[in-house]
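What follows is a set of notes on a single structure, which appears directly below.
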Amino acid sequence: MRSKFSTLIPLVVALCAAVGCDKKDNTIKIGQAVALTGDNSTWGQSEKNALDMEIAKINAKGGVMGKQIQLISYDTRADATEGVNVTKRLVSDGVCAIIGPGQSGVAIAMTSVTEPANVCFLATSATNPKVTVDDKTGQVRHTAFRTCFIDPFQGTVAAQFAAKNLKLKNAAIIYDVGSDYSSWLGKYFTTEFIKQGGKVCASEAFRSGELDFRAILGKIKGSNPDVLYIPTMQKEAALIMKQAADLGIKAIPMGGDGWASPDLITLGGKAVDGSYFVNITSLEDPDIQGFIKDYRAKFNNDPVMPNPVMAIDALDVIIDAITKTGGTDPAKLTNQIAQTKGLQTLSGVFTIDPANHNPLNKPAIIQEVKDGKFVYVTKFVTQ
Amino acid sequence: MFVQTLLTGLAIGGIYALMAVGYSLVFSILNFSNFAYGSIIMLGAYISYFAMMKLGLPLGAALALSILGAAALCYLNERLAYSPLRKRHASSLFFMISAMGTAIFLENLVYAIVGAHFYAFPEVFTKRNLSFHGVSIGVLDVFAITFSFAAIYALHYFLQKSRTGIAIRAASYDIQVCSLNGVNDKHLIGLVFCLAGGLAGISGTFLGMKYIVYPTMGWITNKAYIAAVIGGLGSLPGAVVGGILLGVTETFVSAYVSSVVRDVFSFSLLVILLMVMPTGLFGRFLEEKV
Amino acid sequence: MWQYVSGVISLGLIYVIATVGLAVFTGFTGLFSLGHAAFFAIGAYTAAILTYFYGFNFYVALALGGCAGGLVGFLIGYPTLKAKLRTDYFAIATLGFGEAIRVLLENLPITQGARGLPGIRGETNLPVLLVCTTLVIWMAWNLIHSRHGRACIAIREDFVAAEMMGVNIFIGRLRSLVFSAFCAGLAGGLFAHYFCFIQPSMFTSYMSTQMTAAVVAGGMGSISGPVIATLIFIGIPEALRVANIWRLVAYGLMLVLIMVFRPQGLMGYQELSLGLVKSWYRRLWKGGRA
C-alpha cells in the first residue's frame with residue numbers, strides 16, 4: 001500500500017536526476033554521435049576508442065586551458081532518426097561541439113537540430129557533399145563540417161587510378177540502390193571514367209540487404225569488363241567479389257572507403273586479393289604511425305581506418321578553436337572552425353574551405369588487398 | 001547466360017525448397033504460419049558456425065549439431081510460445097503475434113549477445129567451382145542440393161512408411177479426429193516441430209555457408225512462405241516444386257529485368273496466386289470459408 | 001532541457017497518431033499488418049514533396065499526405081481483402097506491399113531515391129502535434145463507438161457469425177484499413193516536417209514492429225491503451241538511454257509474454273477513464289476488489 005508509493009517517489013527522483021544535466025563548469029564537454037552498434041560498429045567502436053585514448057592523454061597533460069575534456073558519446077546505430085535524438089540529447093547536455101557522425105544520412109538529418117541550436121558538428125567519414133552544402137539552396141550549412149573527403153573526389157580518384165595507372169578501359173558498376181553513398185559514388189566514378197576515355201559497359205543495381213548477386217554478375221560477365229567498380233560497404237563488396245570469382249569474372253575489383261574494414265578479408269577470403277580501393281587514410285600512412293603504435297599498445301588491435309584518425313583530426317580542430325576563441329561558446333566555436341587554416345592535425349595540414357566547409361586539398365590513399373592484408377599503394381592527387 | 005541463370009536459380013531454389021518443406025510441415029498440422037521459423041534457421045546457422053570455429057568440428061559433425069540444436073529450439077519455441085495459446089483456443093491473430101514476438105526476440109538476442117558482426121564459414125571444399133562450357137556452379141551448391149533432397153526424401157520415407165509418419169499425415173487432415181483415434185496430439189505436435197527444426201538447421205547451415213551468418217538472415221523465410229503457397233499449402237512435394245520454381249523464376253527476373261524488382265515480383269506472385277489459385281499447384285482447399 | 005523533453009514528447013505524439021490508426025486496424029478489426037511503415041512513408045513523402053517542390057501550405061500538405069496514405073491503403077486493401085486472404089497471408093501480403101513501396105521510393109526520380117529529401121521545412125511543433133493527436137483520437141473514438149466500430153469488433157470476434165448477421169466483412173475491414181492508413185500517412189507527414197529529412201531507409205520494419213507492439217501491449221480493444229504504451233515505449237528508453245538492442249529484445253519477449261499470460265494487454269477492453277483510475281486507486285489503497 002504505502003510502500004508502493006514510497007518506492008515510486010525515489011524512482012521518479014532518480015529518473016529526473018538521470019535526465020537532468022549536471023552543470024559542472026570546469027569541464028569542456030565535447031559530444032560524439034557515433035554508431036556503436038549495428039553494421040557500422042567496427043568503425044564506430046574504433047573511433048570512440050581513439051578519442052578516449054587521445055582525450056586521456058590531453059587531460060593527463062592538464063587539459064585545454066586548464067580544464068579537463070569530457071567526451072559524451074551516444075550511439076546513433078547509424079540510423080538517421082536516432083541521430084537526431086542523440087543530437088538533441090547532446091545539445092541539452094551542453095556540449096560545445098560534436099564529433100561525428102560517420103554516415104552522411106545521419107549527418108544530414110542532424111542538421112535540423114544543429115542549425116537552430118548553433119552547435120557545430122564535424123563529420124568523420126560522411127562523404128556525401130550534401131552534408132555541408134544544402135542541395136536546394138546551394139548555401140553552405142552553417143554548423144556542418146567534415147574532416148574527410150567527399151564522394152565526388154573519391155569517385156574521381158578511383159576512375160583516374162583505374163584509367164591512368166591500371167590502364168583499364170571497360171568498367172562495370174554494381175551499386176546499392178538503397179544507399180545514397182553507393183548510388184552517387186557509382187555516378188561520380190562513371191562521369192570521370194568516361195571523361196578519361198573509358199567505357200562503362202554495365203551498371204547494375206541491387207537492393208540493400210541483398211546477398212545473392214549471381215544473377216546480375218552473370219549479366220555483367222557477358223559484357224566483359226576489365227574493372228568492376230563496387231562502391232558499397234564491406235559486406236556486400238566481399239560477397240560480390242566472392243561470387244564474381246565463382247562465376248569466373250576476371251575484372252579487377254575496385255571500391256571506396258566503405259571497404260576499409262578487416263571484415264572485407266574475413267568475409268571475402270581469397271576472392272578479394274588483387275582488388276584496389278580508395279581510402280581517406282591507411283595504417284601505413286607515414287604521418288600517423290605514432291598514433292597507430294599507441295592504439296595497438298592500448299587496445300591490442302589495429303584501429304579500423306579511417307574513422308579514428310578523422311575523429312582525432314576533428315578533436316584537434318575543436319581544441320584549436322577553443323584556444324583561439326578562449327572559451328567554449330558553441331556559436332563562437334562554429335564561426336572559428338570555419339576559419340581553420342593550416343592547422344597541423346594528426347593526418348596532416350588541415351584547412352577548411354569556407355565555401356563548402358570541406359577540408360581543402362586532402363589527398364586520397366589507394367590501397368590494394370594482397371595476401372589477406374591491406375597494402376598501401378600510393379597517395380593520389382587528382383589531375 | 002541462360003544456362004548460368006538457370007543453374008543459379010536451381011541453387012537458391014534448393015534452399016527455398018528445404019525451408020518451404022519445414023514450414024509446410026508445421027502448417028499442414030497446425031494450420032498456422034510459423035513466423036519464428038526464420039529465426040530458428042538463423043540459430044541453426046550460428047550453431048554450426050560456432051561448432052566449426054570454436055569447437056573445430058568438421059562439417060558433418062557441425063551439421064549434426066546444428067540439426068539437433070535447431071530441433072530442440074523449435075520444440076522449445078512451440079512449448080513456450082504456442083501451446084499455451086492452443087490450450088486456450090486463441091485466435092490465429094494471437095498465434096501470429098506470438099510468433100512475431102519470438103522472431104524479434106531471438107533475432108535481437110543474438111544481436112545483443114553475439115553482436116552484429118558478420119561471420120563467414122571457413123572454406124570446406126578445396127575446389128570452389130565446377131566450370132564447364134562457360135558456366136560454373138558452386139561445389140557447395142551441388143552438395144547442398146544433394147543433401148537437401150536426401151533429407152527431404154528421408155522425411156518423405158518416414159512419413160510414408162513409419163507409424164508415426166502415418167499419424168502425422170492423418171493429423172494433417174484433421175488433428176482432432178486423429179487424437180480421437182488415440183494419437184497423443186501433444187507429442188505429435190512436438191515431434192513435428194522437432195522435424196521442422198531439424199530441416200531448419202540444415203537450411204540455416206547451407207544458407208550461412210553460401211552467404212554469411214548474421215542475425216537478420218532469417219527474413220529469407222518470407223520466400224519459403226511464397227514457395228509453399230506456390231506449391232500448395234499442406235503438400236510436401238508441392239513445397240519442393242514451389243521452392244525450385246520460385247528460385248528459378250526469381251533469378252530470371254533478376255538477370256533479365258532488374259535485381260531491384262525481384263522481391264516485388266515474388267510478393268506480387270504470392271498475392272496473385274492467393275487471389276487466383278489459392279490451392280497452389282498441389283495443395284488442398286483451405287481458404288477461410290464464409 | 002525543455003527542448004530535449006519536448007523533442008521526446010513530439011516524437012511520441014507522432015507515433016501515437018500512427019498507432020491509434022493501427023489500434024483500430026489490429027486491435028478492433030483483428031487484422032495483422034507487417035508493413036504499416038509503408039503508409040507512414042507514403043504520407044511522409046507526399047507531404048514533403050508537396051511542400052519541398054511545390055511550396056504547398058503545410059496543413060494542406062499534411063491532409064493530402066494522410067489522404068495519400070488512405071488511398072494507397074484502399075488500393076492495397078481492395079484486392080487482398082476481397083480475396084478473403086487468411087490473416088497470416090494478409091500479413092505477408094502487407095509485408096510484400098511494404099517492400100514494393102520501398103522499391104518505388106528508391107527508384108522514382110521525384111523522391112530523389114536513396115538521397116532522400118533533405119531540408120524540408122520544419123513546421124511540426126508541439127501545438128500542431130497536440131491538435132492532430134486530439135483530432136485523430138477523437139475520430140478513432142467516434143469510429144469505434146459507431147455501428148461501424150461495432151461491426152469491426154464483430155468481425156474480429158467471429159467473422160463467420162458477423163457475416164451471418166449481415167455485416168459486410170469486406171467493407172468493414174477495408175474501412176479500418178483505410179482509416180489506419182490515413183492516420184499513418186498523417187503521422188508520416190508530421191514526421192517528415194519534424195526531422196526535416198527523409199530517406200527510404202528510415203521507414204523500416206522496426207517502425208512497424210514498434211507500432212504493433214504498442215497496440216498489443218496497450219490492449220487490443222482500447223485506444224488509450226496503445227496511446228499510453230507508445231508514450232512509454234518512446235519515453236522510457238530516452239530517459240534511461242538503455243542500449244537499443246535490448247529494447248528490441250524486450251519488445252519481442254513482451255509480445256510473447258503478453259500473448260501467453262495477459263492477452264488483453266495493459267488496458268484490456270477498457271478505456272482510460274476517471275472511473276477506471278478511481279477503481280485502481282481503491283484497489284491499491286484498500287486492497288481487494290473495489
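The sequence lines fix the lettering, A, B, ..., with proteins before strands; numbering per chain opens at 1. Just so we're clear, the structure is a prediction, and the values are computed from it rather than from any experiment.
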So, A:Asn358 versus A:Thr132: side-chain donor-acceptor pair below 3.5 Å or not?
yes
Spatial distance of atom OG1 (C:Thr230) from atom OH (C:Tyr15) [nearest 0.5 Å]
10.5 Å
Suppose we screen for side chain to side chain contact (heavy atoms under 4.5 Å, CB included). Which residues come up paired with A:Thr191, at least two apart in sequence or across chains?
none
In this structure, NZ of A:Lys88 is separated from CG of C:Leu11 (nearest 0.5 Å) by 8.0 Å
Quick check on C:Val103 against chain A: is it the side chain, the backbone, both or neither that has a heavy atom closer than 4.5 Å?
both
For C:Tyr52, which atoms come within 4.5 Å of any heavy atom of chain A: side chain, backbone, both, or neither?
both
CG (C:Leu62) and CG (C:Asn57) are apart, to the nearest 0.5 Å, by 9.0 Å
Less than 4.5 Å to any heavy atom of chain C: does that hold for the side chain of A:Asn128, its backbone, both, or neither?
side chain
Top residue by heavy-atom pair count (under 4.5 Å) with chain C, among A:Val84, A:Asp79, A:Asp134?
A:Val84
Is A:Thr81 in contact with chain C via its backbone, its side chain, both, or neither, using a 4.5 Å heavy-atom distance?
both
Taking atom CG of C:Leu231 and atom OG1 of C:Thr19, what is their separation to the nearest 0.5 Å?
9.0 Å
For chain C, which residues from residues 107-120 of chain A have at least one heavy atom closer than 4.5 Å to it?
A:Ile108, A:Ala109, A:Ser112
How are the rings of C:Phe56 and C:Tyr54 set to each other: parallel, tilted or perpendicular (split at 30° and 60°)?
perpendicular
Would C:Ser180 and C:His36 count as a side chain to side chain donor-acceptor pair (under 3.5 Å) if you check the C-alpha gap in whole Å, the side-chain angles of each, and the deciding distance to 0.1 Å?
CA-CA 9 Å; C:Ser180 69; C:His36 240 67; 3.2 Å; yes
